[in-house]
Amino acid sequence: MSSTPFPKLLRSQIAFDLARAILDGFDKHYRLFRAASQDARRYFAARDWKTAQEKARERIAFYDKRVAECVQLLEDEYEPGELNDDVWREVKLHYIGLLINHKQPELAETFFNSVCCKILHRTYFHNDFIFVRPAVSTDYIEPVEGEPTYRVYYPAKDGLRFALKRIITNFRLQAPFANLDRDIGFVESRLAALLGEQVEPNHQIHVLASLFYRNKGAYVVGRGINGIHVYPFVVPILYNRKGELVLDTVLFDPALIITLFSFTRAYFMVDMEVPSAYVTFLSSILPGKPRSEIYTILGLQKLGKAAFYRDFLHHLNHSSDCFEAAPGIRGLVMAVFALPSFPYVFKAIKDHIPAPKETTRALVKEKYLLVKYHDRVGRMADTLEYSNVAFPRARFSDALLAELKQVAPSIIEEDGDEIVIRHLYIERRMIPLNLWLSDAQRRGDSAALEHGVREYGNAIRDLVKANIFPGDMLYKNFGVTRNGRVVFYDYDEIEYITDCNFRRIPEPRNEEDEMASEPWYPVAKNDVFPEQFGAFLLGNPDVRQAFLKYHAELLTPEFWQNAKQRILDGHIQDVFPYPEELRFHQKPPAAAQAA
């Protein structure tokens, strides 16, 4: 970094212009981000699911495009000698001043960091050049455009049914309801049963002013207040087969609401003038979920990523355990390690990927990027991707460091007291499914084993609906979450269902064909033979019995061929983020919730 001196006035002007240019870049980004989120309402009204999915994917790339534009602008406008250390320190001070009364200061700070980190060397990442921690408070920021962040309703004054109907009609959806009074009755009976007869003077309902759009659904998100108790709730709004709107269910169970807002699903499209206000509201109904994850589920994944890293550094400062190799079978593609006290794993791509894998570092990164932009339907873990991550050397054993240097020497660097990994993925830690099944069998817990196998097949079915073929379907590539859901997390061999050719194994022509150790028939790279799945999945008799009980059709080419054809025909299938039996049309809601 140059230290060429400048007159104080000139330096200050350059610093202010830099700060203004970076904030202008952010404001452009968030303006486009909000416009895309607002368009989700229009796609929902038109039932244009294909465009809605395409625009949701496009929105993910907005941030990096705006950062690249801003970096290019600064590099074109200023010579390297003009951007010396004193200028950069002053840029940050001017930027803080510009964020006073800004409605998205925390997002703007992250944007500033992204731009700076593209220009500065990593040795500047931890000093006063960037926002290592937030400088501007997000508490009590109020929107200025239109209405407040959430609306308040008073059932004790207006009557519960009237309040619930107002909640729905205030969103002014542009399609007719099949029978709104009927659906309101379902919600009313459940809410009344939840609250009981004891209604406190402060009884009220808070509902976020914007609907949450994702895939083919719009979600009302709110909370009931009664005395000291807070009751979160979510009401999904869907279309029936006649093109009419219905309230599909109401979710009160915190575990189900957390699953809805899971790291295994795509980002919501939500119009937010003040995103921090939405995060604060969601934090009140999602206890224990980090704010970093809440920002991410709202589509603000860059701030989520930055907030996660701050949480990680805080955890490092307040813990003393050491990193170790993650439990489970060692993979051919990734070196995986973990900090026992931290619920995540760290994954680095190996330099050399041996046979039978036929891939490269670049291809693996492409697969992970595919998942980032795809609908994860609750069955694929979101992955945080980082560059130049510094770890304390003292927290690595010599054995683990030696292993990392052996398998990924090109991205591992020792820099004094730090280990720097140039490229890294971080994922939520789960129990590998193969270990779950082995442990269940060791304990003689047939119910747990059957649950794991059934969930495994359900995960594959949901992935198929999203046009994803896992490729490597071994149990070790799937994990079990703390809520007992099975999730896919190893992406180096995934393909689109539509790119695969699902075939039946031809009948042997003669005895020589039948005894041949290699296929006697031609096999293309994208050919898949579902009949062969059982050979490497169902060796264990107990696992085989459970699998055939629930998922025998996954071993037939017809299942996969039919699924592929539905996708090619343009059919976007429903994958519900809550149990099917909770839907109002399945059974009365009170019985459903009690089931």
Side-chain angles (χ1 to χ4, degrees), residues 150-156 158-168 170-171 180-200 202-214 217-238 245-262 264-265 268 270 278-289 293-294 297 378 481-485 575-595:
Y150 60 88
R151 306 184 185 113
V152 182
Y153 302 85
Y154 299 95
D158 302 325
L160 182 56
R161 177 176 287 260
F162 180 77
L164 292 173
K165 191 166 184 177
R166 279 187 59 212
I167 287 171
I168 302 302
N170 278 348
F171 287 110
L180 182 57
D181 288 332
R182 175 203 62 193
D183 294 349
I184 290 293
F186 288 155
V187 177
E188 180 187 26
S189 65
R190 279 300 302 133
L191 188 56
L194 182 72
L195 294 175
E197 297 181 1
Q198 184 64 38
V199 177
E200 301 290 343
N202 71 332
H203 180 39
Q204 56 196 276
I205 298 175
H206 301 168
V207 177
L208 285 170
S210 294
L211 287 169
F212 285 51
Y213 294 95
R214 186 167 65 194
Y219 298 83
V220 179
V221 179
R223 63 193 177 200
I225 309 293
N226 192 39
I228 63 172
H229 300 290
V230 178
Y231 303 97
F233 69 88
V234 176
V235 179
I237 304 175
L238 305 178
L245 293 171
V246 296
L247 306 184
D248 197 51
T249 188
V250 57
L251 304 176
F252 296 113
D253 185 343
L256 292 176
I257 295 175
I258 287 174
T259 298
L260 172 68
F261 292 108
S262 168
T264 61
R265 298 188 185 277
F268 281 101
V270 190
Y278 274 71
V279 171
T280 298
F281 188 101
L282 290 171
S283 294
S284 74
I285 67 172
L286 297 170
K289 184 172 281 290
E293 282 193 28
I294 297 176
I297 64 178
T481 70
R482 57 189 175 185
N483 293 320
R485 287 177 61 82
V575 181
F576 297 104
Y578 40 85
E580 183 82 12
E581 62 268 20
L582 297 186
R583 303 179 65 201
F584 287 155
H585 79 277
Q586 293 289 76
K587 61 171 75 172
Q593 292 274 0

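The structure displayed is predicted, hence computed values, not measured ones. Keep in mind that the numbers below use all heavy atoms, side chains included, and drop hydrogens, waters and symmetry copies.
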Could you go through the side-chain contact (heavy atoms from CB on, under 4.5 Å) check for Ile184 and Phe162 one step at a time?
-> CA-CA 9 Å; Ile184 290 293; Phe162 180 77; over 6 Å; no

Pair Val250-Leu191, side-chain contact (heavy atoms from CB on, under 4.5 Å): steps then yes or no | CA-CA 9 Å; Val250 57; Leu191 188 56; over 6 Å; no

Run the side-chain contact (heavy atoms from CB on, under 4.5 Å) check on Val207 and Asn170 step by step: do they pass?
-> CA-CA 11 Å; Val207 177; Asn170 278 348; over 6 Å; no

Decide salt bridge (Lys or Arg N to Asp or Glu O under 4.0 Å) for Asp181 and Lys165; before the verdict, give the C-alpha distance in whole Å, the side-chain angles of both, and the deciding distance to 0.1 Å.
-> CA-CA 8 Å; Asp181 288 332; Lys165 191 166 184 177; 2.9 Å; yes

Run the numbers on Leu286 and Ile257 for side-chain contact (heavy atoms from CB on, under 4.5 Å), then give the verdict.
-> CA-CA 8 Å; Leu286 297 170; Ile257 295 175; 3.7 Å; yes

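Of the possible polar contacts, one joining the Arg265 side chain to the Thr259 backbone as a donor-acceptor pair under 3.5 Å is found. Proximity of a side-chain donor or acceptor of Arg485 to a complementary backbone N or O of Gly378 within less than 3.5 Å is detected. Remark: side-chain polar atoms of Ser210 are not paired, donor with acceptor, to backbone N or O of Val270 under 3.5 angstrom. Using modelled atom types, no side-chain atom of Glu188 and backbone atom of Phe186 make a donor-acceptor pair closer than 3.5 Å.
Rounded to the nearest 0.5 Å, atoms CG (Asp183) and CG (Leu245) are 10.0 Å apart. Rounding to the nearest 0.5 Å gives a distance of 6.0 Å between CD1 of Ile297 and CG of Leu282. Atom OH of residue Tyr278 and atom CD1 of residue Ile294 lie 14.0 Å apart, to the nearest 0.5 angstrom. Rounding to the nearest 0.5 Å places CG of Leu260 at 12.0 Å from CG of Asp253. Here Arg190 contributes atom CZ and Phe584 contributes atom CZ; the two are 9.0 Å apart, rounded to the nearest 0.5 Å. Once rounded to the nearest 0.5 Å, the distance linking CG of Leu582 with CZ of Phe576 reads 11.5 Å.
In terms of the side chain to side chain donor-acceptor pair (under 3.5 Å) criterion, residue partners of Asp248 (sequence neighbours excluded) are, by chain and number, Tyr578, Arg583.
Nearest heavy-atom pair across Arg151 and Ala209 is NH2-O, 3.6 Å. Summarising the geometry of Phe171 relative to Leu208, their closest heavy-atom pair is CZ-O, 3.6 Å, with the distance given to 0.1 Å. Closest of all the heavy-atom pairs between Gly227 and Asn202 is N-OD1, 2.7 Å. Residues Pro155 and His203 come closest through the heavy atom pair CG-NE2, 3.7 Å. Taking every heavy atom of both residues into account, Ser262 and Thr264 meet most closely at OG-OG1, 2.8 Å. The shortest non-hydrogen separation linking Ala218 to Leu211 is CB-CD1, 4.2 Å.
When side chains are defined from C-beta on, Val235 does not count as touching Val221, because their heavy atoms never get closer than 4.5 Å. The shortest distance between side-chain heavy atoms of Tyr153 and Arg166 falls below 4.5 Å. Considering only heavy atoms from C-beta on, Val220 stays 4.5 Å or farther from Val234 through its side chain.
The number of heavy atoms from other shown groups lying within 6.0 Å of CZ (Arg182) is above 12.
Screening Ile225, Leu160, Val152 for a side chain to side chain contact (heavy atoms under 4.5 Å, CB included) involving Ile205 leaves a single residue, Leu160.
Proximity of the aromatic rings of Phe261 and Phe268 is defined here by a centroid distance below 6.0 angstrom, and this criterion is met.
Each side chain to side chain donor-acceptor pair (under 3.5 Å) pair with one or both residues in residues 218-231, not counting sequence neighbours, appears once here: His206-Arg223, Arg223-Ser284.
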